[in-house]
Amino acid sequence: MEDQSSTSAPSIDPFKLLKIVQNPDGSLTRQSLFPSVSITEEESTGSNASQLAFFKDIPLNPQNKTFIRLYRPPTPPPNTNHRLPLLIHFHGGGFILFSATSSPFHDACSVKAVKLPAVVLSLEYRLAPEHRLPAAYDDAVETIMWVRDQAMDVNGCDPWLKEYVDFSKCFLIGSSAGGNMVFHAALRALDIDTSPVKIIGLIMNQPYFSGVERTESEKRFVNDRILPLPANDLMWSLALPEGADRDHEFCNPMTADGFLKEKMGRLTRCLVTGHGGDPLIDKQRELVNVLEARGVDVVAEFAEGGCHGIEIFDPLKAEALLKSIKEFVDTCCRCVNYESAAAKSTL
């Protein structure tokens with residue numbers, strides 16, 4: 001295997017690695033790295049994962065061309081006392097690539113819907129550089145507000161949500177850039193009345209953060225095959241607001257001012273997962289340390305070896321990640337059930 005620990009200047013062309021071409025107007029031409037699963041393929045697809053759950057697409061904001069892909073297990077809950085948690089999912093891709101319909105993310109959401117079980121809502125958000133941050137965060141918050149309106153039955157509630165979902169058991173979940181979106185969407189949601197929706201858990205798998213100062217893991221894996229430093233820098237340059245550097249709070253919230261860190265202390269329970277072979281591992285550990293220092297209940301699971309996005313390439317790692325997510329979701333839901341029972345007993 002090629003030595004990935006070299007700190008010599010990498011000669012890699014990040015545009016070729018990411019299969020993107022920047023057009024004169026600043027937009028990107030993207031060559032798809034993964035096939036897309038269309039809604040018409042629900043019955044015809046050969047993917048086993050896609051056959052597990054039913055799914056459909058629902059418009060979110062037609063002006064922004066955003067939509068929601070909703071997944072449910074094939075069997076409804078036995079009664080209203082056994083409704084399912086709702087997972088609001090944000091896909092990865094450095095804010096510049098992929099879609100909720102990209103096969104790895106589609107299949108993973110389908111598997112979660114059946115194996116947890118849960119209803120999974122996956123957001124098709126706006127990509128940079130055509131729509132730089134905070135556009136993706138805005139879309140994430142709009143999704144949370146859409147769920148709140150569904151729970152309140154404003155203009156009607158989607159029948160799948162009405163029949164399957166316990167809105168007091170909602171989670172934000174994402175990998176890589178999606179994990180970054182979980183963090184920032186959860187911070188924004190603190191300033192919004194989301195009731196009767198309750199976000200009881202944040203799941204950040206290999207969340208995407210960086211900074212101007214190189215971490216030891218970034219330097220150690222400068223020539224990483226999945227996320228080499230030039231590709232990481234390019235994605236952030238395309239995603240961050242014009243003129244911002246990697247110490248902007250969107251990229252490096254760990255160095256943010258006291259107000260933002262105060263808000264971090266109000267976040268709900270978190271699951272943060274990572275792998276030692278990921279160039280981003282040091283920033284992920286730093287995130288955990290900052291959250292814990294603010295009093296947040298964090299479940300941190302960092303495995304040796306691996307790479308960024310390993311669950312896409314390694315079925316065993318995907319299975320282990322699913323197990324961790326299920327344990328976290330089940331624990332959070334049990335806490336809600338206990339608190340609810342305790343509240344009723346005092347009446």
Stepwise side chain to side chain contact (heavy atoms under 4.5 Å, CB included) test for Leu187 and Leu260
CA-CA 9 Å; Leu187 286 175; Leu260 184 61; 3.6 Å; yes
Show your reasoning for whether side-chain hydrogen bond (donor to acceptor under 3.5 Å, both in side chains) applies to Ser102 and His91.
CA-CA 9 Å; Ser102 298; His91 69 78; over 6 Å; no
Between Lys261 and Asp257, does a salt bridge (Lys or Arg N to Asp or Glu O under 4.0 Å) hold up when you go through it step by step?
CA-CA 7 Å; Lys261 287 188 175 179; Asp257 59 26; over 6 Å; no
Phe302 and His275: CA distance, side-chain angles, deciding distance, ring-ring contact (aromatic ring centres under 6.0 Å, His included) verdict:
CA-CA 5 Å; Phe302 295 109; His275 285 272; 9.1 Å; no
Derivation of the side-chain hydrogen bond (donor to acceptor under 3.5 Å, both in side chains) call for Asn232 and Tyr208
CA-CA 10 Å; Asn232 184 45; Tyr208 188 49; 2.8 Å; yes
Working note: His131 + Tyr125, criterion side-chain hydrogen bond (donor to acceptor under 3.5 Å, both in side chains); need CA distance, chi angles, decisive distance, verdict.
CA-CA 10 Å; His131 305 281; Tyr125 58 85; over 6 Å; no
For salt bridge (Lys or Arg N to Asp or Glu O under 4.0 Å), just list the numbers for Asp166 and Arg83, CA-CA rounded to whole Å, side-chain angles, deciding distance to a tenth of an Å, and then say yes or no.
CA-CA 5 Å; Asp166 182 343; Arg83 291 186 186 274; over 6 Å; no
What verdict does the side-chain hydrogen bond (donor to acceptor under 3.5 Å, both in side chains) test give for Asn252 and Glu213, after you've listed the backbone C-alpha separation in whole Å, the side-chain angles of each residue and the deciding distance to 0.1 Å?
CA-CA 10 Å; Asn252 193 13; Glu213 183 179 351; over 6 Å; no
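The aromatic rings of Tyr71 and His106 sit tilted, their planes meeting at an angle between 30° and 60°. Taking the six-membered ring where the residue is Trp, Phe105 and Phe98 present tilted rings, their angle falling between 30° and 60°.
Between Phe183 and Leu291, the closest side-chain pair of non-hydrogen atoms falls below 4.5 Å. Between Lys283 and Met254, the closest side-chain pair of non-hydrogen atoms falls below 4.5 Å.
Trp236 does not carry Arg246 over the face of its six-membered ring by the limits of under 6.0 Å from the centre and within 45° of the normal. For the pair Arg72 and Phe55, the NZ or CZ position fails the cation-pi test of under 6.0 Å to the six-membered ring centre and within 45 degrees of the ring normal.
Between the side chains of Glu142 and Thr66, no donor-acceptor pair of N or O atoms lies under 3.5 Å.
Listed for the Gln284 side chain is no donor-acceptor partner under 3.5 Å among the backbone atoms of Val272. Side chain of Glu292 to main chain of Asn289: no donor-acceptor pair is present (N/O by atom type, distance under 3.5 Å, no hydrogens or angles). Remark: side-chain polar atoms of Glu130 are paired, donor with acceptor, to backbone N or O of Leu28 under 3.5 angstrom. Judged by distance alone, with hydrogens and angles left aside, the side-chain atoms of Asn23 form no donor-acceptor pair with the main-chain N or O of Asp25 at under 3.5 Å. Formation of a donor-acceptor pair under 3.5 Å by the Asn180 side chain with backbone atoms of Pro207 is not found in this model. Remark: the backbone N or O of Gly92 is not paired with any side-chain donor or acceptor of Ser176 at under 3.5 angstrom.
The NE2 atom of His89 sits 10.5 Å away from atom CG of Leu121, with the distance rounded to the nearest 0.5 Å.
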